[in-house]
Structures are given as structure tokens and as C-alpha cells.
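Beneath this line is the structure, given in C-alpha cells, with notes to follow.
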Amino acid sequence: MTKPIIAVLGAGLGGAIAAFEIKEAVRSRAEVTVVSQGDVFHFVPSNPWVAVGWRKREAIEVELPPVMARKKIGFTGVGARRVHPAENRIELNDGESLFYDYLVIATGPELAFDEIEGLGPEANTHSICHVAHAEKAGEAFEAFVRNPGPIVVGAVQGASCYGPAYEFAMILDTELRRRKVRDRTPMTFVTAEPYVGHLGLDGVGDTKGLLESEMRQRHIKFITSARVAKIAPGQMTVEEVAEDGSVKATHELPFAYSMMLPAFRGVPAVMGIEGLTNPRGFILADKHQRNPTFPNVFSLGVCVAIPPVGKTPVPVGVPKTGFMIESMVTAIAENLKEVLDGREPTHEATWNAICLADFGDGGVAFIAQPQIPPRNINWSAEGGWVHLAKIGFEKYFIGKVKRGESAPFYEKWALDLMGARKLKA
């Protein structure tokens, strides 16, 4: 008899690890195949370093075909044009189709630059969401340092990833001070969050106090509850929104360099599929990471639909952080084992979060268990050790991908000691 096929759509931070862990879980009972947009894995958390020249692109890349072949995982880098869940089929960009028995969607998002006039690397601002964007931002940064001026950094309305915006603002500050031009670069942080340190999570520990203090220490002005109206070359129009939704103030911010994180939406391959996605294109999933309409479809990571943690004057999305995503991976791997046994899935991801926000010469770390409040653990701290920890994590995670590993035994042991479990009891 032919073995069931488990297709993993996406090979980023979540998809690559999911392929390794699912293969280890199901072993020879099923075939695992990855559909990726290209053959290369990028370690996205290092993109801010690429944008200031602290990393070269090739240092954070892994060629996936040889890794997948070594792990006996099928792989194609042609990408997906459309998912047809009613037919158990992925239509590939080359016109071919991949039929599956089970599908794990880990595509990540599409970057919605077009939703704001003048936003994005093809227009008037830079991005660090993709390594190619970070490279372009790095080239522009080198030119900027030769002719400094005002900087605007932040995240627009509807964004759901705020940590990298804070990281990049602080990293810019660190690098500009090293180059002795910080005194010529006034900086403003613009964010849809209702307060500094909200992070789309209503804060974690004292992230509000820690990040506000850091901003003041580094002479970074900030505008919260900000709605970006439009961005012209060298000029950003920002509306500061009051609690009642009215415009409290309009700011015209000149800039010589700007990086603004966009809002996310679902990728075209899944957008608008009734029963699979919400109106924004994010995948609907139950507590077992399984789609209610198509029960053989699972999802993890940034592509998963999660409602905001509360009402805010300007739309603020919920981030899907690294450890939270890995907990989804483990739940799906264990649930697929049960499904292959003819049983209903029972495993639930904890959605715990362990995050390191690097500032170049320090940083902020936080643990949120679970990520969505109320929490059992709600802790944050700062110090120079965070920068070193982020470097260590980068090398460790890229090494895992190169080896085709999800979670070595010593990682599981260390996390158990910390009480940071991936599955609910």
C-alpha cells in the first residue's frame, strides 16, 4: 500500500522545523514533502543585523535541498500558486500539482505594503521582513551615514510584529554612535501600539517601563496610537489617534532614512478560500492547530488567525513568536501521529513565548507563559547578556537547520528545567 503523504507548505522558521519534527514523529509511516518558495532558508531574526552590515546574507542562509534529502524528506522550491483543500491538492507555480493526505500550512505572511501610499522598499521606506529587503536597507544605510539626517522607524497600523521594530531602532542608535554620527540623526519611533512596549500582547512584565526608559536614554522620540496616512519621498504623514478614534494630532515627519514594518495578510495561495481562511487570509485553526472545515489541514506560525488581545485606538495585531511557533510544531507532529493511528488529535500547544530583543549593546528578554494573557509567568529583564544570548541563539538555530534537527534532547532537557514546555499537560 502507498504511504500517506504529509505536505508542509513553507520552509521558513516554522516550516523547516515542522518538516524535521514531523518526519521524526511519523518515521516510515508516511512520506513528508516540503513545498517552498525557493531553495534557501533564511534566519529572519538576523535581518536587522544585515541592514547595518553586522551580518552578510550568506551567513544566515542554509541550502535546503541537501538537508531535506539527507533526512529523506521530499522537497520542491518552485512554490505554490494555489491550495485546493477540497481536492487535497497544491497547485504549484510550474503548473504541476502535489496531492496530499495531510497538509501543514506554514507559509508565513504576505507583506501588505500596498495598503499605505508610499510604504515599502519599492517605494519610500525600507523593510527588514525579508533578507533581500534587509540587504537593500543596508546599502541605503551606508549612503545615509555619509549624509546623515532624520530617521523614522516603527510599525504601521495593523502590524503584528513589533519586536524587530524596537530592535532596529536601538541597533541603528548603537551603530550610529559607533560611527560618531548619532548627534546628526534625530530619530522618531512611530507605532500603532497604544503604548511603548505593548508589543501586540498588552505588554510582558515591565516591557512598557523598560522600553520607554531605553527610548529616553537613547534620545528616541516616540508617537504611539499612530496611523500612517501616507509616505512621500522624505516625508511621512502620521495621525495620532485618541481613545475615541478621533485624530488628536497630525505629524509631518521628515526623514532621510526610514524603516517601517508593514501589516501582514495571508499569501495569495490561500487567500479567500472559504472555510480555510478569515477575511484577512489567515488560516483558521482549532486548539489542535487543525482547520475546522478541512480537518486534514493543520497550520502554524504567522499564517495562523489569532484575534487581537484587546481593543486599541489603532488596529494592533498579535505576534507569533519563535517559541510559540515551535510549540505549534510539536502539537501538530504529535497530533499527526494520532491521526495516522486512526484517533482524534488531543495535543494542544502551550503558545509560551521566550523572546530576545537585541539592541546591539544590550537588549530586553521576556518570558510569557502563555503568550496571550492572562499568564502564569509574566517576566521581562534587560542587560548586555541579551545581545550575547541572541548571537548564541542565531548560531544554534542555523546549526539545527543545517543538521535537519527540530529539538535535540539537550534542548528539551534545558527547556524542561526552565518549565518552558511546548505542550499543555
Side-chain angles (χ1 to χ4, degrees), residues 6 8 13-27 29-30 32 102 104-106 199-205 207 282-292 295-310 318-356 365-381 393 396-397 400 405-425:
I6 300 170
V8 178
L13 286 173
I17 294 298
F20 304 146
E21 190 158 337
I22 291 168
K23 182 62 178 179
E24 183 179 359
V26 303
R27 298 190 181 276
R29 300 172 61 198
V32 178
Y102 305 98
V104 178
I105 300 177
L199 301 172
L201 298 169
D202 202 11
V204 181
T207 51
F282 295 111
I283 309 299
L284 301 170
D286 64 15
K287 63 183 180 179
H288 305 299
Q289 306 299 137
R290 187 165 70 162
N291 180 258
N296 65 333
V297 177
F298 296 81
S299 58
L300 63 95
V302 180
C303 69
V304 174
I306 300 178
V309 298
V318 176
K320 289 88 171 185
T321 56
F323 189 78
M324 177 189 188
I325 293 172
E326 290 193 51
S327 78
M328 296 181 188
V329 168
T330 298
I332 290 173
E334 294 301 317
N335 286 333
L336 281 169
K337 283 169 62 177
E338 292 179 318
V339 170
L340 291 174
D341 287 335
R343 295 181 286 141
E344 284 296 302
T346 62
H347 293 84
E348 298 178 40
T350 57
W351 288 17
N352 290 335
I354 304 172
C355 290
L356 300 168
F366 67 80
I367 297 176
Q369 296 188 10
Q371 179 166 297
I372 309 299
R375 304 182 177 109
N376 295 313
I377 296 177
N378 189 43
W379 173 88
S380 59
F393 179 70
Y396 174 70
F397 199 97
K400 282 204 305 184
E405 292 181 324
S406 172
F409 75 91
Y410 45 84
E411 178 182 316
K412 296 175 183 176
W413 176 77
L415 291 171
D416 281 346
L417 283 179
M418 294 171 57
R421 292 179 171 82
K422 295 180 180 178
L423 296 177
K424 291 184 179 180

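One-based numbering along the sequence shown.
- Once rounded to the nearest 0.5 Å, the distance linking CG of Asn352 with CD1 of Ile377 reads 7.5 Å.
- Here CD1 of Ile6 is found 9.0 Å from CZ of Arg29. Values are rounded to the nearest 0.5 Å.
- Taking CZ of Phe397 as the reference point, atom CD1 of Ile17 lies at 4.0 Å (rounded to 0.5 Å).
- A distance-only check finds no donor-acceptor pair linking the side chain of Asn378 to the backbone of Ala368 [under 3.5 Å].
- Crowding of Phe409 atom CZ: a count of heavy atoms from other residues, nucleotides or ligands under 6.0 Å not exceeding 12.
- Without hydrogens or angle criteria, Lys400 side chain to Ser406 main chain gives a donor-acceptor distance under 3.5 Å.
- In plain terms, the two heavy atoms of Ile306 and Met328 that are nearest each other are CD1-CE, 4.5 Å.
- Scanning both residues, Val339 and Pro345, for their nearest heavy atoms gives CG2-CD, 4.2 Å.
- Of the possible polar contacts, one joining the Arg375 side chain to the Pro370 backbone as a donor-acceptor pair under 3.5 Å is found.
- Asp286 places a side-chain N or O within donor-acceptor distance of the main-chain N or O of His288, the cut-off being under 3.5 Å.
- Smallest separation of non-hydrogen atoms from Ala331 and Glu348: CB-C, 4.1 Å.
- Here the shortest heavy-atom pairing between Ala25 and Ala333 reads CB-O, 3.9 Å.
- Here the closest heavy-atom approach between residue Glu21 and residue Val329 is recorded as OE1-CG1, 3.6 Å.
- Taking every heavy atom of both residues into account, Pro408 and Tyr396 meet most closely at CD-OH, 3.4 Å.
- In the model, Thr346 has a side-chain atom that pairs as donor or acceptor with a side-chain atom of Glu338 under 3.5 Å.
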Which pairs of donor and acceptor atoms, one on a side chain in residues 318-327, lie under 3.5 Å apart (sequence neighbours left out)?
from	atom 1	to	atom 2	distance (Å)
Lys320	NZ	Val302	O	3.4
Lys320	NZ	Val304	O	3.0
Thr321	OG1	Gln371	OE1	2.4
Glu326	OE1	Lys422	NZ	3.3
Ser327	OG	Met324	O	2.7
Ser327	OG	Trp351	N	3.2

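- Formation of a donor-acceptor pair under 3.5 Å by the Asn335 side chain with backbone atoms of His347 is found in this model.
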Exercise for review: Any chance you could lay out the side chain to side chain contact (heavy atoms under 4.5 Å, CB included) test for Arg421 and Leu415, step after step, and finish with the verdict?
Suggested key: CA-CA 7 Å; Arg421 292 179 171 82; Leu415 291 171; over 6 Å; no
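- Considering CD1 of Ile22 and CZ of Phe298, their distance stands at 9.0 Å, rounded to 0.5 Å.
- The line from OG of Ser380 to CG of Leu199 is 9.5 Å long, rounded to the nearest 0.5 Å.
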**Study point:** Test log, rule side chain to side chain contact (heavy atoms under 4.5 Å, CB included), inputs Leu201 and Thr207
**Key:** CA-CA 10 Å; Leu201 298 169; Thr207 51; over 6 Å; no
